[in-house]
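Here is the structure we will look at, set down as structure tokens.
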Amino acid sequence: MKKTLLTIVLTLVSMMAFAQTTTPTLAGLYSQTASGYARMEQATSSGFKTHGALKAGFSYGIAKVKGDWLYRGTHAEAQLSSRPTFILVSQIDVSTQAIALIRFDTKKDHREAQYCEAGVWSGVTEENKNTVPLTVTRLPNSNTLTITPTSDLPAGEYLLIADQAKGYDGYDFAVK
């Protein structure tokens, strides 16, 4: 009886350990934690603002107009470690080069992610100077990507963008 009970307990413990390390299969972005995977919530921009138009006008187009995506709130609900690992499960093929990690500028009542700079003489540049280098690898024979920053992240607010064609919709999180 004791041997059977011990066998059942060991089987259940090993099944729980296996369940925690199994890669998620439902589409979405997951952060890897000590106890398994936690599904991340998508963050959508709440607006767009430009600044620097007056300065660009007075400088005859030499100064640039900048555009920022806006996000509600001063912090994300998800609190992660300084070097999080993410698993992106997608129904479609996502390029490893379409993944970006952006550090937010935190304001009094919202967060901002720089989107573009435009100048009369230089045209429009779509880039963010707050981009964090990532290592993105594809799991064999799947549309699943593993995403990890190349170094520890300093404390702050971040946005992980999984498809840059959709604009700046992504997954927000904070590092304390």
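Not measured: the values here are computed from a predicted model.
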Quiz item: Is a donor on one side and an acceptor on the other found under 3.5 Å between the side chain of Ser59 and the backbone of Ala63?
Solution: yes

Exercise. Measure the CZ-OG1 distance between Arg83 and Thr150 for me, rounded to the nearest 0.5 Å.
Key: 7.0 Å

Quiz item: Above 12 or not: heavy atoms from other molecules or residues under 6.0 Å from CD of Gln91?
Solution: no

Self-check item: Result of checking His51, Lys107, Gln114, Lys49 against Asp68 for side chain to side chain donor-acceptor pair (under 3.5 Å)
Solution: His51

Exercise. For Thr33 and Ala38, work out which heavy atoms get closest and say how close.
Key: CG2-CB, 4.4 Å

Quiz item: Tell me, which pairs form a salt bridge (charged side-chain N to carboxylate O under 4.0 Å, His left out) where one or both residues lie in residues 23-34, sequence neighbours left out?
Solution: none

Quiz item: To the nearest 0.5 Å, how far apart are CZ in Arg111 and OG in Ser46?
Solution: 9.0 Å

Quiz item: Of the non-hydrogen atoms in Ala174 and Ala76, which two are nearest, and what is the gap between them?
Solution: N-CB, 4.0 Å

Quiz prompt | Least distance between heavy atoms, Ala56 atom then Val65 atom | solution = CB-CG2, 3.8 Å

Quiz prompt | Lys55 NZ: over 12 foreign heavy atoms closer than 6.0 Å | solution = no

Quiz prompt | Non-hydrogen atoms of Asp169 and Tyr71 that approach each other most closely | solution = N-OH, 4.3 Å

Exercise. Measure the shortest side-chain to side-chain distance between Leu80 and Met40 over non-hydrogen atoms and say whether it is less than 4.5 angstrom.
Key: yes

Exercise. With the side chain counted from C-beta on, respond yes when Arg39 and Pro24 share a heavy-atom pair under 4.5 Å apart, and no when they do not.
Key: no

Practice problem: Could you tell me whether the side chain of Leu160 reaches within less than 4.5 Å of the side chain of Ile99, counting heavy atoms only? | Solution: yes

Self-check item: Linked, directly or transitively: Leu26 and Tyr37 (ILVMFWY side chains, under 4.5 Å)
Solution: yes

Practice problem: Report whether Leu145 and Val132 are members of the same hydrophobic cluster (ILVMFWY, side-chain heavy atoms less than 4.5 Å apart, transitive linking). | Solution: yes

Quiz item: Do the side chains of Ile102 and Phe48 join up, straight or via other hydrophobic residues, at under 4.5 Å, putting them in one cluster?
Solution: yes

Self-check item: Side chains of Leu153 and Phe173 in contact at under 4.5 Å (non-hydrogen atoms)
Solution: yes

Quiz prompt | Taking every non-hydrogen atom, the tightest pair across Leu159 and Ala43 | solution = CD1-CB, 4.3 Å

Quiz item: Salt-bridged, Asp172 to Arg72, with N to O below 4.0 Å?
Solution: no

Quiz prompt | Counterpart residues, salt bridge (charged side-chain N to carboxylate O under 4.0 Å, His left out), relative to Asp109 (two or more places apart) | solution = none

Quiz item: Side-chain contact, heavy-atom cut-off 4.5 Å: Thr146 with Ile87?
Solution: yes

Quiz item: Can you tell me how far the OH atom of Tyr30 sits from the OG1 atom of Thr23, to the nearest 0.5 Å?
Solution: 11.0 Å

Self-check item: Spacing of Phe104 atom CZ and Asn130 atom CG [to the nearest 0.5 Å]
Solution: 10.5 Å

Quiz item: Say you draw a straight line from NE2 of His110 to OG of Ser45; how long is it, rounded to the nearest 0.5 Å?
Solution: 12.0 Å

Quiz item: Minimum heavy-atom separation for Pro154 to Arg103, with atom names?
Solution: CG-NH1, 3.1 Å

Quiz prompt | Atom pair OG1/CG of Thr96 and Leu88 - distance to nearest 0.5 Å | solution = 11.5 Å

